[in-house]
Amino acid sequence: MSDVQKILQMYGPQYMALYGDRMPQSHKKTIRDIIACRNGSFGTMVYECSDCRNLHFIHCCCGNRHCPNCQQNKADQWLNQQMKKLLPTHYFLLTITLPQGLRDVVRSHQKLSYGALFSCTNEALKKLAQDARFIGSDRIGYLAALHTWGGMLQYHPHLHLVIPGGALSDNNDQWFSSRQDLFVHTKPLEIIFKAKFMAAMKKAGLLDKIDPAVWKRQWVIDSQAVGQGQNSLRYLSRYVFRVAISNNRIKSIENNVIRFLYKDREKKKWKIMALDAMEFIRRFLQHVLPKGFMKIRHYGFLNPNSALSIEKIRELISFIHDIIALFTEIPEPEIPTIKCSHCGHDLKFILFVKPEPRCRSG
């Protein structure tokens, strides 16, 4: 049992009794799913040993994307798929963070605000990329991933982008390369993004709920040249499928207090934070995404619906850089076989036992 699961089993029912009438259904479902993960509530897989014939019963996981039990193997699979799309060019890692003055409104209108964060970023980047001082084409492509937490479980919505350094021509027959050290300048990007996000809030009828001073402050946008794309993808893969807090950061659960590790970024050292169990659950649940919301998106020529294949784009890049883009085949990650705990031989799947219907009260 994971520590997050243990916390929700111990204190989740009390939290729902206190706040159930004000909780979104997605929060209630997350608590229920994590509590019931791998206890038989989602069915059981029955296996038989190929040698000693012993039967093994393996309870299914809940599959909730906010459950730490269910995310452990997804990062490697995702990284493998992204590596297959790498291009023979330089890359950038761009991070856009929404300021503190926006966060109450964003948290109360998540689906709309997160959608605006993605779309306004895309519009601002394309506008700047079209400028001949940068690339000279708006036909860029990139991967974007939404994160909403900081190390202390505080609400900290931000977007990570992994961007190949260049763009396609209008008729898909040429690659325009960016500078090795610069994709676009962050200052004009901040100005354009801020204006577009403000317009999105106004269109949604939320502008009067936001302190006007927030639009005059500087927003945090960071851009780093990272060389080959493998570096940024490996960095991002550690976080893309991580939930708001990993089990190995939780140090103790006792007397209604949860103690966990967090990184002090200024002093560059690990510290321990203690939170009341109800506050810990509140902070954890504020990072539950709206139902069906896609937190990872591919834009432009990296979108699965792009008319141009990755192989064709590699070919165009090889012309402009006067290189031959040779990519070794990336092996599929090995899927570990399930072994018998008695004799060590392989297990064979026999049947799936359906779960009993769960009570959905509350």
Side chains of [X] and [Y], heavy atoms from C-beta outward: is any pair under 4.5 Å?
| X | Y | result |
| --- | --- | --- |
| Val162 | Phe92 | no |
| Tyr142 | Leu125 | yes |
| Met23 | Ile31 | yes |
| Cys49 | Arg53 | no |

Tell me which donor-acceptor pairs under 3.5 Å the side chains of residues 195-217 have, and how far apart each pair is, sequence neighbours excluded?
residue, atom, partner, partner atom, Å
Asp211, OD1, Ala213, N, 3.0

What pairs of residues pass the side chain to side chain donor-acceptor pair (under 3.5 Å) test when at least one of them lies in residues 10-23, not counting sequence neighbours?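 Every candidate side chain to side chain donor-acceptor pair (under 3.5 Å) pair involving residues 10-23 fails, so no pair, neighbours aside, qualifies.
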
On the ring face of Tyr155, is Arg103 found with NZ or CZ under 6.0 Å from the centre and within 45° of the axis?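 No, Arg103 and Tyr155 do not form such a contact.
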
Before giving the answer on ring pair (Phe, Tyr, Trp, His ring centres under 6.0 Å), spell out for Phe260 and Trp270 the whole-Å C-alpha distance, their side-chain angles and the decisive distance to 0.1 Å. CA-CA 10 Å; Phe260 62 93; Trp270 288 95; over 10 Å; no

Side-chain donor-acceptor pairs under 3.5 Å in residues 306-313, sequence neighbours left out?
residue, atom, partner, partner atom, Å
Ser306, OG, Leu308, N, 3.3
Ser306, OG, Leu308, O, 3.3
Ser309, OG, Lys312, N, 3.1

Mind checking salt bridge (charged side-chain N to carboxylate O under 4.0 Å, His left out) for Lys126 and listing every partner two or more places apart, or none if nothing turns up?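 Lys126: no salt bridge (charged side-chain N to carboxylate O under 4.0 Å, His left out) contacts found.
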
Minimum heavy-atom distance [X]-[Y], with the two atoms named:
| X | Y | result |
| --- | --- | --- |
| Met278 | Leu18 | SD-CD1, 3.8 Å |
| Ala274 | Val257 | CB-CG1, 3.9 Å |
| Ile140 | Gly166 | CG2-O, 4.0 Å |
| Leu302 | His298 | O-CB, 3.3 Å |
| Trp149 | Val243 | CZ2-O, 3.6 Å |
| Arg139 | Asp170 | NH1-O, 3.3 Å |

Partner set under side chain to side chain contact (heavy atoms under 4.5 Å, CB included) for [X], not counting sequence neighbours:
| X | value |
| --- | --- |
| Phe293 | Arg65, Lys111, Tyr114, Phe118, Leu146, Pro290, Arg297 |
| Lys271 | Tyr262, Asp264, Lys267, Lys269 |
| Met10 | Lys6, Ile253 |
| His185 | Phe134, Leu182, Pro188 |

Would you say [Y] and [X] are linked by a side-chain donor-acceptor pair, where the criterion is simply a distance under 3.5 Å?
| X | Y | result |
| --- | --- | --- |
| Ser50 | His345 | no |
| Thr95 | His158 | no |
| Gln82 | Asn80 | no |

Who pairs with [X] by side-chain hydrogen bond (donor to acceptor under 3.5 Å, both in side chains), at least two apart in sequence or on another chain?
| X | answer |
| --- | --- |
| Asp181 | Arg179 |
| Asn303 | none |
| Glu279 | Arg282, Arg283 |

Residues which pass ring-ring contact (aromatic ring centres under 6.0 Å, His included) with His27, listed by chain and number, not counting sequence neighbours: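 His27: no ring-ring contact (aromatic ring centres under 6.0 Å, His included) contacts found.
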
In sequence, state the C-alpha distance, the side-chain angles, and the governing distance for His342 and His56, and then conclude on ring pair (Phe, Tyr, Trp, His ring centres under 6.0 Å). CA-CA 10 Å; His342 298 281; His56 296 258; 5.7 Å; yes

From His287 NE2 over to His66 NE2, what is the distance, rounded to the nearest 0.5 angstrom?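 Nearest 0.5 Å value for the NE2-NE2 distance: 10.0 Å.
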
Ion pair present between Lys339 and Asp346, side-chain N to carboxylate O less than 4.0 angstrom?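 Looking at Lys339 and Asp346, the cut-off is met.
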
